[in-house]
Amino acid sequence: MCALQTQAAPVTQDQQALLVLNRLGYGPKPGDLERVKQIGIDNYIEQQLHPESIPLPPALSNRLAALETVNQPTGAVLAEFLSLRKEAQQNKDEEGARQQQRQFVTRLTDQTAEARLARAIDSPRQLEEVMVDFWYNHFNVFSGKGIDKALVASYERDAIRPYVLGSFRDLLGATARHPAMLFYLDNWLSTADNAVARGKNPGKPAGLNENYARELMELHTLGVDGGYSQKDVTELARIFTGWTFNQRELATRGRGFYFDPKKHDNGDKHWLGRNITAQGQGEGEAALDILAMHPATAHHLSYQLAQYFVQDQPPAALVERLSRRYLETGGNIREVLRVLFSSREFSAQAGTGSKFKTPYQFIVSAARAGEVQFTNVRPFINALNQLGMPLYGCQTPDGYKNTQSAWLNPDALTRRITFANALASGRLPLNKVDGNTMESTRNVAAPTVLDTNTLLYTLGPAISASTRNTIESSPAGLRSAMVLGSPDFMQQ
């Protein structure tokens with residue numbers, strides 16, 4: 001007698017549409033499911049792979065253009081930051097100087113966060129925003145370290161955003177040369193052992209710093225199992241001596257990265273089995289070329305992309321196909337993603353809820369589902385802090401994880417439900433009063449209470465029949481919060 005076999009229910013078009021909205025973006029806004037089905041899932045994916053073809057809404061463009069500090073040249077922001085910091089240090093007993101510094105830092109923090117969150121919530125170029133988040137975590141810079149608070153907006157704008165779907169080698173080079181990375185991982189201080197320091201300790205040997213070289217191989221390219229040794233770390237650090245910037249030059253003349261031959265180790269190096277002859281800055285460029293096209297890098301990046309878009313433990317066969325495509329195309333990120341999104345492994349995730357949203361994904365997707373309007377970004381900043389994922393606030397170079405094990409715990413769930421209740425009931429002070437970012441008592445621009453039926457319609461198959469029944473049998477005032485706080489909504 002044959003054993004009875006259960007057959008999985010066929011995946012619906014709504015589930016397929018929801019998959020691409022959740023994975024290539026931050027979930028649906030009202031009407032998005034219908035729009036994706038109308039143009040076709042394949043066409044939607046192709047559009048997202050070419051964000052330059054998707055116009056931004058005028059309201060979003062105008063909003064971004066009005067963010068003064070985010071749009072200023074890197075040097076101008078740093079100059080104001082250094083000037084106010086110096087004045088506060090010189091006038092320690094004067095509250096006015098310290099207050100000016102705090103106000104500038106608050107404005108800078110708020111505008112940087114507003115630029116990121118406004119795009120993530122309202123931009124139709126959803127895949128671009130997802131990849132900005134992905135690559136920022138991959139090439140993480142902690143904003144809380146010294147002058148990096150004044151540099152992270154420029155770092156995201158100039159070193160991350162332009163390259164998120166292009167050449168990995170271009171992205172790698174842009175991050176390597178940006179002052180934010182040079183400062184964060186201390187390469188700006190790294191010199192040959194026989195070089196001398198300038199500034200506070202002129203004439204004193206500065207010495208080699210291996211921080212950037214180590215993370216460049218372990219995190220940015222080859223991966224922790226990439227087949228390199230401690231000797232390779234030291235040799236790579238020697239290769240990158242002289243890659244630096246000068247704070248004063250950046251602040252006064254706008255001069256960012258430059259190569260300083262006086263700091264460079266001109267000796268021959270033996271790195272990854274290769275003899276590297278002295279050629280100044282060219283040594284570092286050659287090293288980036290080698291790392292970008294190394295098979296271990298192809299595998300490391302392919303694994304991370306498959307983990308982000310498919311499963312926490314991605315299928316080995318998919319990772320192998322992505323790695324091959326990476327090497328075939330010279331590290332073309334768009335082409336690797338095209339293979340990923342057309343794969344059977346990706347399509348098989350429709351309706352599974354196999355990825356658990358990070359706090360950032362949860363907050364942005366909730367704001368999108370509720371079509372929330374905001375002029376005060378502070379409630380979102382505070383919520384990310386409370387959920388353990390401060391924006392630009394990961395202190396370690398490996399960035400934030402995107403796996404369930406990193407974010408699923410009882411305390412985190414309680415905090416998410418608290419946020420969902422505050423957002424759904426209109427109790428978050430999402431709008432400035434008289435231009436002030438301080439708290440308001442009611443949400444003026446968005447509905448006071450998010451409409452449950454609209455949320456359920458927007459999210460479609462994301463909310464299961466059993467969860468809908470539970471919501472519908474609950475008090476009316478709790479229903480919208482229950483949608484956003486449900487286990488179904490926290491999965492994607």
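By convention here, the first residue in the shown sequence is residue 1.
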Glu129 and Arg161 ion-paired at < 4.0 Å: yes
CZ on Phe168 to CE on Met293, rounded to 0.5 Å: 10.5 Å
Considering all heavy atoms, the nearest Ile239-Ala287 contact: CG2-CB, 4.3 Å
Mutual orientation of the aromatic rings belonging to Phe240 and Tyr212 [parallel < 30°, tilted 30-60°, perpendicular > 60°]: perpendicular
Check: Glu285/Gln279 side-chain N/O donor and acceptor closer than 3.5 Å: no
Phe362 and Phe356: CA distance, side-chain angles, deciding distance, side chain to side chain contact (heavy atoms under 4.5 Å, CB included) verdict: CA-CA 9 Å; Phe362 170 69; Phe356 186 75; over 6 Å; no
Side chain to side chain contact (heavy atoms under 4.5 Å, CB included) assessment of Arg238 paired with Trp271: CA-CA 10 Å; Arg238 292 177 61 210; Trp271 171 69; over 6 Å; no
Leu151 and Phe81, any side-chain heavy atoms less than 4.5 Å apart: no
Side chain to side chain contact (heavy atoms under 4.5 Å, CB included) between His50 and Leu165, worked out: CA-CA 8 Å; His50 292 278; Leu165 290 168; over 6 Å; no
Side-chain donor or acceptor of His300 paired with backbone N/O of Leu219 under 3.5 Å: yes
Closest non-hydrogen atom pair, Gly25 against Val130: CA-CG2, 3.6 Å
Minimal non-hydrogen separation, Leu19 against Phe346, with atom names: CD2-O, 3.4 Å
Ser302 to Leu322 - nearest heavy-atom pair and separation: OG-C, 3.3 Å
Phe309/Phe341 under ring pair (Phe, Tyr, Trp, His ring centres under 6.0 Å): CA gap, chis, key distance, verdict: CA-CA 9 Å; Phe309 286 104; Phe341 298 144; 5.2 Å; yes
Separation between CG of Leu236 and CG of Leu288, rounded to the nearest 0.5 Å: 8.0 Å
Residue pair Thr297 / Tyr326, side-chain heavy-atom distance below 4.5 Å: yes
Residue pair Ala120 / Tyr360: nearest heavy atoms and the distance that separates them: CB-OH, 3.5 Å
Presence of salt bridge, Arg119 and Glu156, under 4.0 angstrom: no
Ser190 OG to Asp265 CG distance, which is reported to the nearest 0.5 Å: 9.0 Å
Test log, rule side chain to side chain contact (heavy atoms under 4.5 Å, CB included), inputs Leu301 and His138: CA-CA 9 Å; Leu301 298 179; His138 185 83; 3.4 Å; yes
Which atom of Asp32 lies closest to which atom of Arg368, heavy atoms considered: OD2-NH2, 3.1 Å
Validation row: Leu171, Val164 side chains within 4.5 angstrom (heavy atoms): no
Under-4.0 Å salt bridge between Lys269 and Glu235: no
Pairwise side-chain contact, Tyr26 with Ile363, heavy-atom cut-off 4.5 Å (strictly under): no
Modelled atom types, side-chain donor and acceptor of Asn22 and Lys357, under 3.5 Å: no
Note, Thr109 side chain near Tyr392 side chain (heavy atom, < 4.5 Å): no
Note: Arg107-Asp110 ion pair, threshold 4.0 Å (strictly below): no
Any side-chain heavy-atom pair of Asn187 and Asn209 under 4.5 Å: no
Any Leu272 side-chain heavy atom under 4.5 Å of Leu291 side chain: yes
Side-chain donor-acceptor pair present, Gln47, Ser53, cut-off under 3.5 Å: no
salt_bridge(Arg214, Glu218) N-O dist < 4.0 Å: no
Any side-chain heavy-atom pair of Tyr400 and Asp133 under 4.5 Å: no
Qualifying residue for side-chain hydrogen bond (donor to acceptor under 3.5 Å, both in side chains) with Ser354, from Gln311, Gln349, Gln491: Gln349
Lys401/Asp312 ion pair, N-O < 4.0 Å: no
